[in-house]
Amino acid sequence: MCLLRIALGGGLFNQSVQNPNQQTQLINTASALSAPTLLGDERDAILAKWNQLQAFWGTGKGYFSNNIAPVEFSQENPFCRFKAVGFSCIPNNKDEDGLVELVFNKKEAEIRAQQQQLVESLHKILGGHQTLTVNVEGVKTMPDDQTEVIIYVVERSPNGTSRRVPATALNNHFEQANVKSNLQQLGVTLTIARTELSPAQIKQLLQNPPAGVEPVIWDQAKIDNPDPDRLIPVAMVGFKELLRRLKVQDQMTKQHQTRLDIISEDISELQKNQATTMAKIAQYKRKLMELSHRVLQVLIKQEVQRKSGFAIQAEEEQLRVQLDTIQSELNAPTQFKGRLNELMSQIRMQNHFGAVRSEEKYYVDGDLLREIKQHLKQQQEGLSHLIGIIKDDLEDIKLIEQGLSDNVHIRGGMFS
């Protein structure tokens, strides 16, 4: 995100003078703003104010003498008030990556529809050599119905190896007059080599303020840089440049929002898949439980057939006694069943009183309520588990008794 700091105002002679022409230009500008001698009367003071207004706005011509040409006021002059300093990301692409940015005066949909024809046209502009291949790295929308296309060119050597054409070499080729005219016919308005800046270049950019920006403002911008390792100050002079950066910022915000929407849709789809998977896992668990019960029934029947004709062993008799004891404990009024009945009665009584006396409300502490629920849940699980065991054991006992009775009848028939 661009961080802007509007710098309204500026000094008069803070810009360093590098040569006599610049010094003469600065003197003429000062004369046009402070002491014009064009008319030789009080109207020169009005002319001076008008020249000052043009200089502050950054446009127009400042007349100050009959013998000297007027001063051209541009937005780069040191007196222009409409200036801003923002921050842009430092490029991190290497020259050997070969990335070159082409700005087309066309919409993204049109570029994507004609992408193959565009690649073929660029290949022809590069000479149509069979050893060169044009590749598109990315296509991105820009403000004012423009589109940014990132390309790189791969060159294959006779021995079979390949390399990317350096970005500077490719951009220099595009900057040639005849090549540039061909690119303009395709709708290209700007070509930029995507290369990183060397430490010496960054140091030079930071030490030398751009034209029209005072050193004090530039130094303050370097201090306000939120991330000097990734961002660099960039001068913005005039409302057009500020508007352009604002449009770029809006475009990037829309792209980020689009990406967030895509991620949100992916997360929603993953959540649906997770819910479906969890449901299938629960279904398979139930099926596994059913199969386990069926296997257990088969084992029980097999065990009954194997022990058919044998007397009840001591371990089985002991197990039956334990089951009878558990059943009696469950049915005892003072044990679990009685306590559950008591709790249910208290709950019904509280609900009855709450319905009769709706104006009086009683609240149970949350922690205590959770403990009661947890205790009841454990008791219910224990009861369900015991009841299941008792039912299974009763069925086993019935099967054993049935097997014994059949065995007695068989033996009686044999002796008779």
Side-chain angles (χ1 to χ4, degrees), residues 2 87-143 145-208 227-234 244 248 251-252 255-256 258-259 262-263:
C2 297
F87 300 95
S88 296
C89 292
I90 300 177
N92 55 4
N93 301 109
K94 298 181 180 179
D95 189 28
E96 52 268 22
D97 293 337
L99 299 180
V100 175
E101 174 184 346
L102 303 179
V103 179
F104 287 83
N105 195 19
K106 299 179 180 179
K107 295 182 178 180
E108 181 183 1
E110 185 178 357
I111 292 295
R112 292 189 179 277
Q114 302 175 357
Q115 183 170 332
Q116 185 60 35
Q117 294 85 341
L118 176 63
V119 170
E120 295 176 358
S121 300
L122 292 175
H123 186 262
K124 292 180 181 179
I125 291 175
L126 293 173
H129 299 289
Q130 298 298 326
T131 57
L132 299 179
T133 304
V134 179
N135 300 274
V136 177
E137 178 74 10
V139 180
K140 185 173 67 174
T141 302
M142 295 184 66
D145 293 334
Q146 292 184 334
T147 305
E148 173 190 277
V149 179
I150 307 298
I151 67 168
Y152 64 91
V153 178
V154 178
E155 182 181 12
R156 296 188 303 275
S157 59
N159 58 5
T161 60
S162 60
R163 72 177 185 94
R164 292 191 179 188
V165 178
T168 53
L170 183 59
N171 188 63
N172 292 335
H173 179 75
F174 286 155
E175 289 296 329
Q176 296 179 8
N178 56 340
V179 177
K180 194 170 185 177
S181 62
N182 294 331
L183 290 176
Q184 290 176 352
Q185 293 178 0
L186 294 177
V188 178
T189 60
L190 182 65
T191 60
I192 302 175
R194 286 284 189 93
T195 57
E196 62 181 356
L197 300 175
S198 64
Q201 291 175 327
I202 295 177
K203 184 178 180 181
Q204 183 179 4
L205 287 174
L206 294 177
Q207 289 180 349
N208 299 319
D227 191 354
D229 296 331
R230 297 180 61 251
L231 303 177
I232 189 171
V234 177
R244 186 191 69 83
V248 172
Q251 187 67 34
M252 292 300 298
Q255 293 180 2
H256 291 166
T258 302
R259 177 57 58 183
I262 294 174
I263 294 174

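- Summarising the geometry, atom CD belonging to Gln255 is positioned 7.5 Å from atom OG1 belonging to Thr258; distances are rounded to the nearest 0.5 Å.
- You'll find the side chain of Asn171 stays beyond 4.5 Å of the side chain of Glu101, heavy atoms only.
- Leu231 is listed as a side-chain neighbour of Cys89, based on a closest heavy-atom distance under 4.5 Å.
- A donor-acceptor pair is defined here as one N or O able to donate and one able to accept, closer than 3.5 Å; no such pair exists between the side chain of Lys140 and the backbone of Met252.
- Residues meeting the side-chain hydrogen bond (donor to acceptor under 3.5 Å, both in side chains) test with Arg230, sequence neighbours left out: none.
- For Asp95, there are no salt bridge (charged side-chain N to carboxylate O under 4.0 Å, His left out) partners, not counting sequence neighbours.
- Considering CD1 of Ile90 and CD1 of Ile202, their distance stands at 4.5 Å, rounded to 0.5 Å.
- Scored by the side-chain contact (heavy atoms from CB on, under 4.5 Å) test, Ala169 finds Val165, Pro166 as partners (sequence neighbours excluded).
- Counting only residues at least two apart or in different chains, salt bridge (Lys or Arg N to Asp or Glu O under 4.0 Å) contacts with residues 176-190 comprise Glu175-Lys180.
- What you find for Ala167 and Ala193 is that their closest heavy atoms are O-CB, 3.9 Å.
- Within a 6.0 Å radius of CD in Gln204, no more than 12 heavy atoms belonging to other residues, nucleotides or ligands are found.
- The distance from atom CZ of Phe174 to atom CG of Asn182, rounded to the nearest 0.5 Å, is 11.0 Å.
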Would you mind writing out the side-chain donor-acceptor pairs for residues 148-161 within the sub-3.5 Å range, not counting sequence neighbours?
unit_1	atom_1	unit_2	atom_2	d
Glu148	OE1	Arg194	NH2	3.4
Glu148	OE2	Arg194	NH2	3.3
Glu155	OE1	Arg163	NH2	3.1
Arg156	NH1	Thr133	OG1	2.8
Arg156	NH2	Gln130	O	2.6
Ser157	OG	Asn159	OD1	2.3
Ser157	OG	Thr161	N	3.4
Ser157	OG	Thr161	O	2.9
Ser157	OG	Thr161	OG1	2.5
Asn159	OD1	Thr161	N	3.2
Asn159	OD1	Thr161	OG1	2.8

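- Not counting sequence neighbours, the partners of Ser198 by the side-chain contact (heavy atoms from CB on, under 4.5 Å) test are Ala200, Gln201.
- Partners of Lys107 by side-chain contact (heavy atoms from CB on, under 4.5 Å), not counting sequence neighbours, listed by chain and number: Asp145.
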Residues 114-129, side-chain donor-acceptor partners within the protein, below 3.5 Å, at least two apart:
unit_1	atom_1	unit_2	atom_2	d
Ser121	OG	Gln117	O	2.9
His123	NE2	His129	O	2.8
His123	NE2	Leu132	O	3.1

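- Annotation: side chain of Pro91 is not in contact with side chain of Thr195 (no heavy-atom distance under 4.5 Å).
- Atom CG of Leu99 sits about 10.5 Å away from atom CG of Asn135, to the nearest 0.5 Å.
- Atom CZ of residue Arg112 and atom OG1 of residue Thr141 lie 7.5 Å apart, to the nearest 0.5 angstrom.
- For Asn92, there are no side-chain contact (heavy atoms from CB on, under 4.5 Å) partners at least two apart in sequence or on another chain.
- Taking NZ of Lys106 as the reference point, atom OG1 of Thr147 lies at 9.5 Å (rounded to 0.5 Å).
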